[in-house]
Undergrad: 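Take a look at the following structure, please.
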Amino acid sequence: MYLKKSKSVGASSPLNGIGKQDWDARRKRKVGEITQALSVTPVDVAALRRMAISEGGLLTDEIRCRVWPKLLNVNTDNLPEKPAEDIRENHKDYHQVLLDVRRSLRRFPPGMPDEQREGLQEELIDIILYVLDRNPQLHYYQGYHDIVVTFLLVLGERLATVLVEKLSTHHLRDFMDPTMDNTKHILNYLMPIIERVNPEVHDFMQQAEVGTIFALSWLITWFGHVLSDFRHVVRLYDFFLACHPLMPIYFAAVIVLHREEEVLDCECDMASVHHLLSQIPQDLPYETLISRAGDLFVQFPPSELAREAAQQHSQQTAASTFKDFELASAQQRPDSVLRRRRKDQAMAAQAQAQSQSQAMVVVRPRAKRLVRLAVMGLTVALGAAALAVVNTALEWAPKLDLQLFP
């Protein structure tokens, strides 16, 4: 029992200024290409990835039911049966899962009959507990249900169960550790990406000491918790499932960069900037941002950013601040502990610099800034070429254990 949606982003309306007649023709051609990729033996997964990334994504939920399993290399021949009732009685996370699912009303389509929604919520609980019970190394986190409910609404309970299990042991694996260390490490890629593209925005955010906690719920729910239109959520899931597991942090970066003017017009303090960034506009140009995120991944791959991310990680995970940081992260509030710590470090560095030389001023060369800004201008020209490179570069097999970080 699940809600079957026949339409999704771009399924019946023009995108990015494309005329309706032209879009209908392109949509029909794309459906044919997806059908062809699915019909060959073996399935042309590379072509399916290109279709999932390119404008409009996979178009409908019927197509997603056929393509998402291929993107995750999931065998759908033997789907699991409904879990036994006693799994709820014996599982340590049952009560927390129950609370989160009961609070998830907004994730279901408005106007859905209460009986149907309540049935789906019961299935949502069953999927989560089934995956956790079969994989005791995984730890439930608040926000996990936001991802699972998306798969449930698109695929139905049995198919969603096997895909969520594969996703949980691969793409989401770092979020399901007993601590938040790896989650924080992934968040630490955000600022280096922003600095590469727009040093002015990066410096402003650093001066405001806003950190990256505003993006936590984006990352760990794949934006499912913060976007109100289900069409936009599944369009992003098409993109993320076809790409590298770190792609959601690149997409988070392009949202911040897209809001450059709003950020720079904001009061330069933690509370103001955090409040601004934590509220995602619902009218974002998603196709443009998806293309831009792919371009940035090609220009600044994770291997290039790993050192800076690791340096931030080592500076921000001192044992004395870990518990406070973890609490602040869970509550989606500004990290006052790290704010004080950074302020203390800045004051110490300033005192040391003054003692060495009153005339010493460290500035970033203007030429370097201009070069970085010029790189961003290339993304418009890269477009389709970068998209193809993304697809080629991301030919990895989900069946293998991922080693995301060096």
Side-chain angles (χ1 to χ4, degrees), residues 53 141 143-144 146-147 167-168 170-177 180-198 201-202 205-206 210-227 232-233 235-260 263 273-274 277-278 280 284 286 288-317 325 329 332 335 375-376 379 386 390 393-394 396 402-406:
I53 293 172
Y141 64 88
Y144 180 66
D146 282 297
I147 291 182
L167 194 75
S168 301
H170 294 84
H171 291 67
L172 307 180
R173 180 64 184 85
D174 291 289
F175 308 148
M176 305 189 77
D177 279 345
M180 291 185 64
D181 282 351
N182 279 338
T183 302
K184 288 182 291 181
H185 183 46
I186 295 173
L187 280 171
N188 284 337
Y189 279 76
L190 181 65
M191 294 305 291
I193 298 170
I194 293 172
E195 183 179 23
R196 293 292 199 286
V197 179
N198 194 325
V201 170
H202 171 270
M205 292 174 65
Q206 290 289 81
V210 69
T212 57
I213 299 303
F214 67 86
L216 178 64
S217 65
W218 306 358
L219 181 66
I220 65 176
T221 70
W222 276 14
F223 297 85
H225 183 72
V226 293
L227 298 182
H232 298 153
V233 175
R235 174 65 187 100
L236 287 181
Y237 279 41
D238 292 342
F239 179 49
F240 295 153
L241 288 171
C243 291
H244 190 285
L246 284 179
M247 190 57 79
I249 202 68
Y250 282 80
F251 192 80
V254 299
I255 289 180
V256 175
L257 293 165
H258 175 72
R259 305 182 69 190
E260 171 190 358
V263 172
V273 180
H274 180 274
L277 291 176
S278 61
I280 292 187
L284 293 170
Y286 291 95
T288 300
L289 297 183
I290 285 171
S291 179
R292 195 178 187 193
D295 291 344
L296 291 184
F297 186 93
V298 173
Q299 295 172 46
F300 312 115
S303 58
E304 181 180 318
L305 305 173
R307 183 181 298 276
E308 292 171 62
Q311 288 174 347
Q312 291 191 43
H313 184 63
S314 64
Q315 293 168 2
Q316 297 177 3
T317 56
F325 182 91
S329 300
Q332 282 290 290
D335 182 11
V375 168
M376 195 59 232
T379 60
V390 170
L394 299 179
W396 56 280
L402 298 180
Q403 299 295 326
L404 297 186
F405 310 113

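Excluded from the calculations below are hydrogen atoms, water molecules and symmetry mates; all remaining heavy atoms, backbone and side chain alike, are included. We count residues from 1, following the sequence as given.
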Undergrad: Between Leu219 and Phe175, is any pair of side-chain heavy atoms under 4.5 Å apart?
TA: yes

Undergrad: Do the non-hydrogen side-chain atoms of Ile220 and Met180 ever get within less than 4.5 Å of each other?
TA: no

Undergrad: Do His258 and Thr288 come within less than 4.5 Å of each other through their side chains, counting heavy atoms only?
TA: no

Undergrad: For the residue pair Leu284 and His232, establish whether any side-chain heavy-atom pair is separated by less than 4.5 Å.
TA: no

Undergrad: Just one of Ile249, Ile186, Leu190 clears the side-chain contact (heavy atoms from CB on, under 4.5 Å) bar with Thr212, so which one?
TA: Leu190

Undergrad: Do Val254 and Asp295 make a side-chain contact, defined as non-hydrogen atoms from C-beta onward lying under 4.5 Å apart?
TA: no

Undergrad: What verdict does the side chain to side chain contact (heavy atoms under 4.5 Å, CB included) test give for Glu308 and Glu195, after you've listed the backbone C-alpha separation in whole Å, the side-chain angles of each residue and the deciding distance to 0.1 Å?
TA: CA-CA 11 Å; Glu308 292 171 62; Glu195 183 179 23; 3.7 Å; yes

Undergrad: Which atom pairs, one a donor and one an acceptor, fall under 3.5 Å between side chains of residues 236-243 and the rest of the protein, sequence neighbours left out?
TA:
from: Tyr237; atom 1: OH; to: Thr221; atom 2: O; distance (Å): 3.0
from: Asp238; atom 1: OD1; to: Arg64; atom 2: NE; distance (Å): 2.8
from: Asp238; atom 1: OD1; to: Trp68; atom 2: NE1; distance (Å): 2.9
from: Asp238; atom 1: OD2; to: Leu58; atom 2: N; distance (Å): 3.0
from: Asp238; atom 1: OD2; to: Arg64; atom 2: NE; distance (Å): 3.2
from: Asp238; atom 1: OD2; to: Arg64; atom 2: NH2; distance (Å): 2.8

Undergrad: Where does the angle between the aromatic ring planes of Phe251 and Phe223 fall among parallel (under 30°), tilted (30 to 60°) and perpendicular (over 60°)?
TA: perpendicular

Undergrad: Please enumerate all residues that pass ring-ring contact (aromatic ring centres under 6.0 Å, His included) together with Tyr141, with sequence neighbours excluded.
TA: Tyr144

Undergrad: Could you tell me if the side chain of Leu305 sits less than 4.5 Å from the side chain of Tyr250, heavy atoms only?
TA: yes

Undergrad: Are Leu257 and Arg292 packed together at the side-chain level, in the sense that at least one heavy-atom pair is separated by less than 4.5 angstrom?
TA: yes

Undergrad: Output all residues satisfying salt bridge (charged side-chain N to carboxylate O under 4.0 Å, His left out) with Glu304, sequence neighbours left out; order by chain, then residue number.
TA: Arg196

